[in-house]
A.B. asks: 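Got a structure here, written out as structure tokens. Questions coming.
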Amino acid sequence: MTNPQRPGQAPGALRATGRAVDDRFGGGGFGAKALKKAFPDHWSFLLGEIAMYCFVIVLLTGVFLTFFFKPSATPVIYDGSYTKLNGVEMSEAYASTLHISFDIRGGLLVRQIHHWSTVIFLAAILIHMLRNFFTGAFRKPRELNWVIGVVLFMLVLLNGLFGYSLPDDLLSGTGLRILHGVLLSIPVVGTYLAMFLFGGEYPGEEIIPRLFTIHVLLIPGILLALLPLHAVILTWRQTHTTFPGRGASERNQKGYPFFPVFIGKTTAYLFWVVGVCTLLATFAQINPVWLYGPYDPGAISAGSQPDWYMGFLEGSLRLMPAWEIVLWGHNITLSVIIPALVVPGALFGGLMLYPWIERWVTGDRSAHHLLDRPRDVPVRTSIGVAGIVFYGVLWLAGANDIIAKTFNVPLFGTTWFFRFAVILGPIIGYIVAYRWCLGLQRRDRHLLEHGLETGIIRMAPEGGFSEMEVPLSREAASPLTDERRPAAIPLERPRGDGARAPKAPGRLRLALNRRFLRDLREPVAPHPDGERAAERPAVEQRGER
């Protein structure tokens, strides 16, 4: 007679399989602990999930497309279903793209799912990075994870450029022409890099197969190594970050267990992401290469625009004046080097180094598992807004010809406007964001002192009017009143009385430290009469009955 199975106990066959796997591969203890790991329930933590699921969609649709795409620049005469291009000479890459779009069942849908999921993939990474920046999630002990995230964004951005260059249509060829010019502008090694990538004089016949190898093998292989490290290994090894609130601290984790709550929610989220990408691919056309025609080095489409994630580089190139200098007999093309190499280098380099730059300024070397509210650290928030404005102005400048045509304004007028805006815009964005943070901090203090307005007006016997107010609940007041580690500590010049005095911080560091400390959030004690806040008049008006 077999023993009856107890409630909640796994079937015997399943338990035996689990023991067999654990005996051979280990990890049973880690798996049991992982199933109980607490995951935060805040919606912003799922932004990274969107990126991860889009990557899965990109991989699956990419495998399908490789079955039919021919990465070859060999010229052929097209004779397919799209009759408007019949008899036109084109590369095998472009002809196979048309074949996928018009002759393979579901081919156009898969192509557009692949393209849309890439676009959403990059957008999700960018928004996820902004969330981590504004909340201070990049601080110790997560600096390495932050750097990996920036590297992932750069790799996906580059792979997106190579991906939409593969069809060899007139629009993608325009992008390759710009890439070739950027490579040639690099001093000393530029010509060698261009020859290495293009395999000879531009455009050559080697660029398509080489881009294909990089796009489907090299960069995806690096992504497959970095994504698990970024999203799984380091995240599971470290404590999850938590937003300030009732019961939140640096030592505890708030959330639901991985199994069954989080795994159920994230699986449903996967289906939502797949559904959104499929709906967009079905009803929103993207990259209709048959309208552009095959690439011809002697032709260029009017109003050519790259995908949104490359728009800031396009705008940077359009805004730069035609500057060129000669050094030691070599022409240095600043009009390409600065916008195409220096600007993105400074942008991504600054992002990667920012955790250590902020630590140097603030003197804060403690570990942080409790996130900051953006309003509580005005300097960091203002720097982030200034960066967004800088990026956004460059992105808009990439469409200066479309803007000039749409609004019937001179093209040079839009160019000069963006040249001033790219400098003044971040400064204005910094000031506005800083004042906004201070305003939100004052509003928080006001709510603690006076409570929430109810909209109920009461008239006193003597004829005065007052509004009824309700004190904040403990849940709502805890992010404002709870103690937590400060985002910065005051730096001072040490006073050494011996022969070996500690090294003093420089004037620049001290000035930046004082600036960062100014208007930092400080815990506010709730009003001692908070229980009777509803009895206090907020607005009084004298009148007659």
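The model shown is predicted, which means the values in this text are computed figures rather than measured ones.
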A.B. asks: Can you confirm whether more than 12 heavy atoms, excluding those of Phe102, are under 6.0 Å from its CZ atom?
C.D. replies: yes

A.B. asks: Look only at the side chain of Asp296 and the backbone of Gly298, and say whether a donor-acceptor pair between them is shorter than 3.5 Å.
C.D. replies: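 Present.
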
A.B. asks: For Ala137, does its backbone N or O pair with a side-chain atom of Arg142 as donor and acceptor, under 3.5 Å?
C.D. replies: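 Judged by distance alone, no pair lies under 3.5 Å.
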
A.B. asks: Step by step, would you call Val119 with Ile286 a side-chain contact (heavy atoms from CB on, under 4.5 Å)?
C.D. replies: CA-CA 10 Å; Val119 169; Ile286 189 169; 4.3 Å; yes

A.B. asks: Is Pro321 close to Arg419 at the side-chain level, that is, under 4.5 Å between some pair of heavy atoms?
C.D. replies: yes

A.B. asks: Checking side-chain contact (heavy atoms from CB on, under 4.5 Å) for the pair Thr118/Tyr164: CA distance, chi angles, key distance, verdict?
C.D. replies: CA-CA 10 Å; Thr118 302; Tyr164 78 67; over 6 Å; no

A.B. asks: Go through the structure and list residues passing side-chain contact (heavy atoms from CB on, under 4.5 Å) with Val274, not counting sequence neighbours.
C.D. replies: Ile57, Leu270, Thr278

A.B. asks: If every non-hydrogen atom of Ala95 is compared with every non-hydrogen atom of Val76, which pair is closest and at what distance?
C.D. replies: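 Taking every non-hydrogen atom into account, CB-CG2, 4.0 Å.
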
A.B. asks: How long is the straight-line distance from CG of Leu183 back to CG of Leu176, given to the nearest 0.5 Å?
C.D. replies: 10.0 Å

A.B. asks: Would a distance-only check, ignoring hydrogens and angles, find a side-chain to backbone donor-acceptor pair under 3.5 Å from Ser96 to Ala93?
C.D. replies: yes

A.B. asks: With rounding to the nearest 0.5 angstrom, report the CD1 to CG distance, Ile402 to Leu396.
C.D. replies: 12.5 Å

A.B. asks: Specify the closest pair of heavy atoms between Ala367 and Pro141, including all atoms of both residues, with the distance to one decimal.
C.D. replies: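 Looking at all heavy atoms of both residues, the shortest contact is CB-CD, 4.2 Å.
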
A.B. asks: Tell me whether the count of non-hydrogen atoms from other residues, nucleotides or ligands lying under 6.0 Å of CH2 in Trp356 goes above 12.
C.D. replies: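 For Trp356, atom CH2 is crowded (more than 12 foreign heavy atoms under 6.0 Å).
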
A.B. asks: Taking atom CG of Leu155 and atom CG of Leu227, what is their separation to the nearest 0.5 Å?
C.D. replies: 9.5 Å

A.B. asks: Does Lys265 have any side-chain contact (heavy atoms from CB on, under 4.5 Å) partners at least two apart in sequence or in another chain, and if so, which?
C.D. replies: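 Scan of Lys265 (side-chain contact (heavy atoms from CB on, under 4.5 Å), adjacent residues dropped) gives Asp41, Val261.
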
A.B. asks: Within the supplied structure, the quantity of interest is the number of heavy atoms (other residues, nucleotides, ligands) at a distance under 6.0 Å from Tyr292 OH; does it exceed 12?
C.D. replies: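 Yes, OH of Tyr292 has more than 12 neighbouring heavy atoms, counting only those of other groups under 6.0 Å.
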
A.B. asks: For a quick test of reading the model, state the closest non-hydrogen atom pair linking Val182 to Val336 and the distance between them.
C.D. replies: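 Looking at all heavy atoms of both residues, the closest pair is CA-CG1, 3.8 Å.
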
A.B. asks: How far apart are the closest heavy atoms of Arg111 and Ser101, and which atoms are they?
C.D. replies: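 Of all heavy-atom pairs spanning Arg111 and Ser101, the closest is NH1-OG, 3.0 Å.
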
A.B. asks: Using only atom types and a distance under 3.5 Å, with no angle test, would you say the side chain of Arg177 pairs donor to acceptor with the backbone of Pro297?
C.D. replies: yes

A.B. asks: Measure across Cys54 and Val273 and return the closest heavy-atom pair with its distance rounded to 0.1 Å.
C.D. replies: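 The answer is SG-CG1, 3.9 Å.
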
A.B. asks: Out of the candidates Thr74, Asp168, Thr97, Ile208, only one should pair with Glu92 under the side chain to side chain contact (heavy atoms under 4.5 Å, CB included) rule; please name it.
C.D. replies: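 Among the candidates, only Thr74 passes.
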
A.B. asks: Classify the side-chain pair Arg210/His215 by whether it contains a donor and acceptor separated by less than 3.5 Å.
C.D. replies: no

A.B. asks: What orientation do Phe348 and Phe153 show, parallel under 30°, tilted 30 to 60°, or perpendicular over 60°?
C.D. replies: tilted

A.B. asks: May I ask you to check whether Asp169 and Ser172 show a side-chain donor-acceptor distance below 3.5 Å?
C.D. replies: yes

A.B. asks: How about Met352 and Val151: do any of their side-chain heavy atoms sit closer than 4.5 Å?
C.D. replies: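 They are in side-chain contact.
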
A.B. asks: Identify the two heavy atoms, one from Pro294 and one from Tyr94, that lie closest to each other, and give their separation to 0.1 Å.
C.D. replies: N-CE2, 3.6 Å

A.B. asks: Specify whether Phe138 and Tyr354 have parallel, tilted or perpendicular ring planes, treating 30° as the upper limit for parallel and 60° as the lower limit for perpendicular.
C.D. replies: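 Rings of Phe138 and Tyr354: perpendicular, as their planes differ by over 60°.
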
A.B. asks: Output yes when a side-chain donor or acceptor of His230 lies under 3.5 Å from a complementary backbone atom of Ile148, and no otherwise.
C.D. replies: no

A.B. asks: Please list every donor-acceptor pair under 3.5 Å in which a side-chain atom of residues 124-135 meets a protein atom from a residue at least two apart or in another chain.
C.D. replies:
unit_1, atom_1, unit_2, atom_2, d
His128, NE2, Asn132, ND2, 3.4
Arg131, NE, Ser44, OG, 3.4
Thr135, OG1, Arg131, O, 2.7

A.B. asks: Distance check, rounded to the nearest 0.5 Å: Glu314 atom CD versus Asn400 atom CG?
C.D. replies: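 The distance works out to 8.5 Å.
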
A.B. asks: Go through Gln112 and Asn287 one step at a time and tell me if the side-chain contact (heavy atoms from CB on, under 4.5 Å) criterion holds.
C.D. replies: CA-CA 8 Å; Gln112 299 206 143; Asn287 199 25; over 6 Å; no

A.B. asks: Tell me, do Val385 and Ser382 make a side-chain contact under 4.5 Å, heavy atoms counted?
C.D. replies: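 Not touching, per the 4.5 Å side-chain cut-off.
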
A.B. asks: Is the shortest side-chain N to carboxylate O distance from Arg139 to Glu143 below 4.0 Å?
C.D. replies: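 The answer is no: the pair does not qualify as a salt bridge.
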
A.B. asks: Please determine whether the number of non-hydrogen atoms from other residues, nucleotides or ligands lying under 6.0 Å from atom CH2 of Trp416 exceeds 12.
C.D. replies: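 Result for CH2/Trp416: open.
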
A.B. asks: Using a 4.5 Å cut-off on heavy atoms from C-beta on, say whether the side chain of Ile120 contacts that of Cys277.
C.D. replies: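 Side chain of Cys277 against side chain of Ile120, heavy atoms only: contact under 4.5 Å found.
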
A.B. asks: Closer than 3.5 angstrom, by distance alone: can the side chain of Tyr295 be matched with the main-chain N or O of Pro203 as a donor-acceptor pair?
C.D. replies: no

A.B. asks: Are Leu223 and Val156 side-chain neighbours, meaning at least one heavy-atom pair lies under 4.5 Å?
C.D. replies: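 Yes; the side chains approach each other to less than 4.5 Å.
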
A.B. asks: side-chain contact (heavy atoms from CB on, under 4.5 Å) for Ile332 and Glu324? Distances and angles first, verdict last.
C.D. replies: CA-CA 6 Å; Ile332 308 298; Glu324 185 175 301; 6.0 Å; no

A.B. asks: Could you tell me whether the side chain of Val343 reaches within less than 4.5 Å of the side chain of Met320, counting heavy atoms only?
C.D. replies: no

A.B. asks: Is there side-chain contact between Phe262 and Phe45, with at least one heavy-atom pair below 4.5 Å?
C.D. replies: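 Sidechains of Phe45 and Phe262: no contact.
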
A.B. asks: Is the gap between the ring centers of His99 and Phe68 under 6.0 Å?
C.D. replies: no

A.B. asks: Ignoring hydrogens and geometry, is there a side-chain-to-backbone donor-acceptor pair from Trp116 to Thr282 under 3.5 Å?
C.D. replies: no

A.B. asks: With no hydrogens and no angle check, is any side-chain donor or acceptor of Ser335 less than 3.5 Å from a backbone partner on Ala322?
C.D. replies: no

A.B. asks: Kindly check if the number of other-residue, nucleotide or ligand heavy atoms within 6.0 Å of CH2 (Trp395) is above 12?
C.D. replies: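 Not buried by this count: 12 neighbours or fewer within 6.0 Å.
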
A.B. asks: Hey, what do you get for CG (Leu197) to CZ (Phe162), rounding to the nearest 0.5 Å?
C.D. replies: 6.0 Å

A.B. asks: Which distance, rounded to the nearest 0.5 Å, do you find between the CD1 of Ile186 and the OG1 of Thr333?
C.D. replies: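 If I round to the nearest 0.5 Å, the distance is 11.5 Å.
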
A.B. asks: Is a side-chain donor or acceptor of Tyr53 paired with a backbone partner of Thr266 at a separation under 3.5 angstrom?
C.D. replies: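 Side chain of Tyr53 to backbone of Thr266: a pair is present.
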
A.B. asks: Would you say Tyr78's side chain and Tyr82's backbone share a donor-acceptor pair under 3.5 angstrom?
C.D. replies: yes

A.B. asks: Quick one: are Ser165 and Leu161 in side-chain contact, heavy atoms under 4.5 Å?
C.D. replies: yes

A.B. asks: Pair Thr415, Arg318 - check side-chain hydrogen bond (donor to acceptor under 3.5 Å, both in side chains), show working.
C.D. replies: CA-CA 8 Å; Thr415 302; Arg318 294 189 184 197; over 6 Å; no

